[in-house]
Amino acid sequence: MSMYGRDPWGGPLEINAADSATDDDRSRNLQDLDRAALSRPLDETQQSWLLGPSEQKKKKKYVDLGCIIVSRKIFVWTVGTLVVSAVLAGLITLIVKTVPRHHHGKAPPDNYTLTLHKALMFFNAQRSGKLPKHNNVSWRGNSCLRDGKSDPGTTMKDLVGGYYDAGDAIKFNFPASFAMTMLSWSVIEYSAKYEAAGELNHVKEIIKWGTDYLLKTFNNSADTIDKIAAQVGVGDTSGGSTTPNDHYCWMRPEDIDYPRPVYECHSCSDLAAEMAAALAAASIVFKDNKAYSQKLVHGARTVFQFARDQRGRYSAGGSDPALFYNSSSYWDEFVWGGAWLYYATGNSSYLQLATHPKLAKHAGAFWGGPDYGVLSWDNKLAGAQVLLSRLRLFLSPGYPYEEILRTFHNQTSIVMCSFLPVFTSFNRTKGGLIQLNHGRPQPLQYVVNAAFLAALYSDYLDAADTPGWYCGPNFYSTDVLREFAKTQMDYILGKNPRKMSYVVGFGNHYPKHVHHRGASIPKNKIRYNCKGGWKWRDSKKPNPNTLVGAMVAGPDKHDGFHDVRTNYNYTEPTLAGNAGLVAALVALSGDKSTGIDKNTIFSAVPPMFPTPPPPPAPWKP
C-alpha cells in the first residue's frame, strides 16, 4: 500500500508500506533530496531549518538602530565611552562636593586704597557748623553756629559751615578753595577709582560741604560783586597779645565763646580766582545735578570777573592772612581759574585769557627759579600747565592756542623731568623724600601734590597712546613717573628711616600727639575755657581722640620727626595737604588699567572745528 502526501519541498511524497530499502539506499535518496532542495530559492523559514545550531549562535557584525545601521564594534565602544564618562563625571562631582572649599575672594585692597578711606575722614573731622547725622566722627559736634552774626562789622551774616583749616578753628578761604579744587580735579579724572573704592559719594559730599560755604562768602546771586569774606577767625598773637582768639586759646571748636571776626577783602584777585577755580571744577563734578551745577558756574563767573576787575593780593598790607597764608601773586590764579572756567563753560574767552602769553609770562611760565614746578596752595602754575597740556593732548585745538599750549606742554615735561632722581633740581633726604621746599618745614604737602601731578600726567600720556616723554636727549617711559609717585607716597606711608607712617591711623606706628585742638581735648562733658585747654596742649600723653586720616606736616630734611603736639612744623595737618594726599592716593589706587576719565572734563567744551554744512537735499526731477 502506498500513501501520497504533500511534499514539503513542493513535490509528491511516496511512503511505501513495506520498508524494504537498505540504509545505503536511504542515504543516497536523502542526498538527492538535499541537492534538489538547494537548487531552488529558499524562504526564511526554510533557511532556518537548514542552519545548524552553531551557525545560529554567531554574532551579527552590525546593529540595526532603526534609523541607522552601525558597526557593532563602534556601537559597543560608543556606549562604553559614554558609561565611563558618566561614572567619572559623577565621581568628580562627588569629590568636589565633599572636599572642603577655600573661598578665594578678590585681592585685598592696596595700601593706597586703604589710606584713601582714612584720608577722606579727616575732612569729616574738620567740618564747622551743624554737622550731618552721618559725619562718623564721634568726638565732634556742632560748632561756631554764629559765624558771621557775631561780627557786627560784616554784612555777611550767615557764614556757618565750611572747614577749619588745620589744628585751629580758623576758616581760611584761600587754602580751603585750593583744597576743593584739588578734590574736584581728582574726582573728574578718577571717578571710576573712587567708585571702585566705595568713596565716590563721600568725596562728593566733602566737596559740596566746601562749595556750599564758599557760595555764602559773597553775593552769589549777583552778576557783579565788590567784596568777599576771606576769613573767619583770627590767629595773630604777635607782640604778646593775650586777647582770646583761635591761636591764643586751646579749646574744642564746640566750646568756643570768644569773638570770631570776619575778614573781608575788596581787591583780592588771587583769592577770588582760586574760588572761581573751585566752583568751576565742582560744577563739572556735579554736572548731573543741573540746578546746583549752574549755580556753581554762575558763582565762578561772578568771582572771576571780580578778580579781574579789582586787582590786588588778598593778603596785602600785613593782614591776618598774610601771617599764615600769604599769597605771592595772583597771575597763576588767573591762568588756573581761566582754565577751569573754560572747561566748565566751553566759553572760548576764558581759554583766550588762560593762554595769553603776557599772562603766562607774569605767572612765571617762562623762567625757572627754585620753586618752579612746585604746586601748592600759593602757586598753581604747575597744575595749570598740566591741565592745559591735557587740552593739547586730547583735543589739539590748534591756532591760535597751539603755540602757548605747546609751551605749557614742554614746561610740563621739564617739571616732570625735575622730579626724577637723575636730575638735581631738588635734593632728596637720605631716606628718599624729595625736598620740593628745599629743606624748609612742612614738606609733605608739596610732595603729595607732585605725586598727584606725576601719576596724572603718566595717565594722560597712556590715554594718548604715548609711551613716555623726553628729558633732553633721553626718553623716559610713563612707568618712571608712576614709580616716582609711588616711592614718595610709600615714604609717607611708612617706608622711611623712622618706619613712621605720617598718616594718622594707617599702619602701626603713626603720630599720636597731633597738633589739633579737637583731637587733643577729651570729650568728657567738661568745658575747658580759653586757657583751661592749655594743659591738654602741653600734655605728654597721646591725644585722647584719633584724628583718622590726617597727614601731618612731616619730617625734617634729615628724615627726623618729633611727635610733639606743640611743634606744628612736625605734627599739624592741613586741609590743603590732605586734599593733595587724597588726590595722589586715588591716582595710584586700584588697577592701573582703569586710568583717567578722558571725556567728562570736556563735557561743556564745544567741537574745536565748525561742523560741516548738512548735505544737499536729494535731487528731484
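Heavy atoms only: backbone and side chains are in, while hydrogens, waters and symmetry mates are out.
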So, [X] and [Y]: side-chain donor and acceptor under 3.5 Å apart, yes or no?
{"X": "D110", "Y": "T113", "value": "yes"}
{"X": "Q231", "Y": "Y314", "value": "no"}
{"X": "S328", "Y": "N326", "value": "no"}
{"X": "N173", "Y": "Y263", "value": "no"}

Once you measure the plane-to-plane angle for [X] and [Y], does it fall in the parallel (<30°), tilted (30-60°) or perpendicular (>60°) bin?
{"X": "W185", "Y": "W340", "result": "perpendicular"}
{"X": "F426", "Y": "F419", "result": "tilted"}
{"X": "Y325", "Y": "W377", "result": "perpendicular"}
{"X": "F602", "Y": "F394", "result": "perpendicular"}
{"X": "F334", "Y": "Y330", "result": "tilted"}

Closest approach of [X] and [Y], non-hydrogen atoms and distance?
{"X": "F122", "Y": "T574", "result": "CE2-O, 3.7 Å"}
{"X": "K171", "Y": "Y163", "result": "CG-O, 3.4 Å"}
{"X": "A119", "Y": "V582", "result": "CB-CG2, 3.7 Å"}
{"X": "L214", "Y": "S177", "result": "CD2-OG, 3.5 Å"}
{"X": "D597", "Y": "I188", "result": "CB-O, 3.5 Å"}
{"X": "N220", "Y": "L215", "result": "ND2-O, 2.8 Å"}

Counting only N and O atoms by type, is there a donor-acceptor contact under 3.5 Å from the side chain of [X] to the main-chain atoms of [Y]?
{"X": "R390", "Y": "K598", "result": "yes"}
{"X": "S501", "Y": "F506", "result": "yes"}
{"X": "N496", "Y": "M500", "result": "yes"}
{"X": "N449", "Y": "L375", "result": "yes"}
{"X": "S293", "Y": "S283", "result": "yes"}
{"X": "E274", "Y": "G337", "result": "no"}
{"X": "S269", "Y": "Q310", "result": "yes"}
{"X": "S376", "Y": "N379", "result": "yes"}
{"X": "D559", "Y": "G431", "result": "yes"}
{"X": "H438", "Y": "P370", "result": "yes"}

Determine whether [X] and [Y] make a side-chain contact, defined as any pair of heavy atoms from C-beta on separated by less than 4.5 Å.
{"X": "Y446", "Y": "R440", "result": "no"}
{"X": "Q435", "Y": "T429", "result": "yes"}
{"X": "C265", "Y": "L271", "result": "yes"}
{"X": "L393", "Y": "H409", "result": "yes"}
{"X": "Q442", "Y": "E572", "result": "no"}
{"X": "L585", "Y": "M489", "result": "yes"}
{"X": "T211", "Y": "Y292", "result": "yes"}
{"X": "S589", "Y": "Y194", "result": "no"}

[X] [atom1] to [Y] [atom2] distance, which is reported to the nearest 0.5 Å:
{"X": "D223", "Y": "Q305", "atom1": "CG", "atom2": "CD", "result": "10.0 Å"}
{"X": "L433", "Y": "T487", "atom1": "CG", "atom2": "OG1", "result": "9.5 Å"}
{"X": "R301", "Y": "Y350", "atom1": "CZ", "atom2": "OH", "result": "4.5 Å"}
{"X": "E483", "Y": "D490", "atom1": "CD", "atom2": "CG", "result": "8.0 Å"}
{"X": "Y476", "Y": "L420", "atom1": "OH", "atom2": "CG", "result": "6.5 Å"}
{"X": "T412", "Y": "L388", "atom1": "OG1", "atom2": "CG", "result": "8.5 Å"}

### Query
Just wondering, more than 12 heavy atoms not from K216 lying within 6.0 Å of its NZ?
yes

### Message
For the CD atom on E402, are there more than 12 heavy atoms of other groups (residues, nucleotides or ligands in this structure) within a distance under 6.0 Å?
### Response
yes

### Task
Quick one: which residue pairs count as a disulfide bond (SG atoms under 2.5 Å apart) with a foot in residues 322-405, not counting sequence neighbours?
none

### Query
Stepwise, does the side chain to side chain donor-acceptor pair (under 3.5 Å) test hold for N410 with Y470?
CA-CA 10 Å; N410 290 340; Y470 280 95; over 6 Å; no

### Query
Looking at F286, is K208 sitting on its ring face, NZ or CZ under 6.0 Å from the six-membered ring centre and within 45 degrees of the normal?
no

### Task
Determine, for R482 against D459, whether the closest basic-nitrogen to carboxylate-oxygen distance falls under 4.0 angstrom.
yes

### Cationic N near anionic O, under 4.0 Å, K193 to E199
no

### Message
Let's go through N347 and L341 carefully: what are the C-alpha distance in whole Å and the side-chain angles of both, what is the deciding distance for side-chain contact (heavy atoms from CB on, under 4.5 Å) to 0.1 Å, and is it a yes or a no?
### Response
CA-CA 8 Å; N347 185 329; L341 267 162; over 6 Å; no

### Task
Determine, stepwise, if the pair V415 / V374 fulfils side-chain contact (heavy atoms from CB on, under 4.5 Å).
CA-CA 8 Å; V415 168; V374 180; over 6 Å; no

### Task
Using the side-chain contact (heavy atoms from CB on, under 4.5 Å) rule, take L159 and Y213 through it: C-alpha gap first, then chi angles, then the decisive distance, then the call.
CA-CA 7 Å; L159 294 174; Y213 174 73; 4.3 Å; yes

### Query
Between V448 and N578, is a side-chain contact (heavy atoms from CB on, under 4.5 Å) present by the stated rule, with each step listed?
CA-CA 9 Å; V448 289; N578 253 70; over 6 Å; no

### Task
Please confirm whether F561 and Y502 have ring centers closer than 6.0 angstrom.
yes

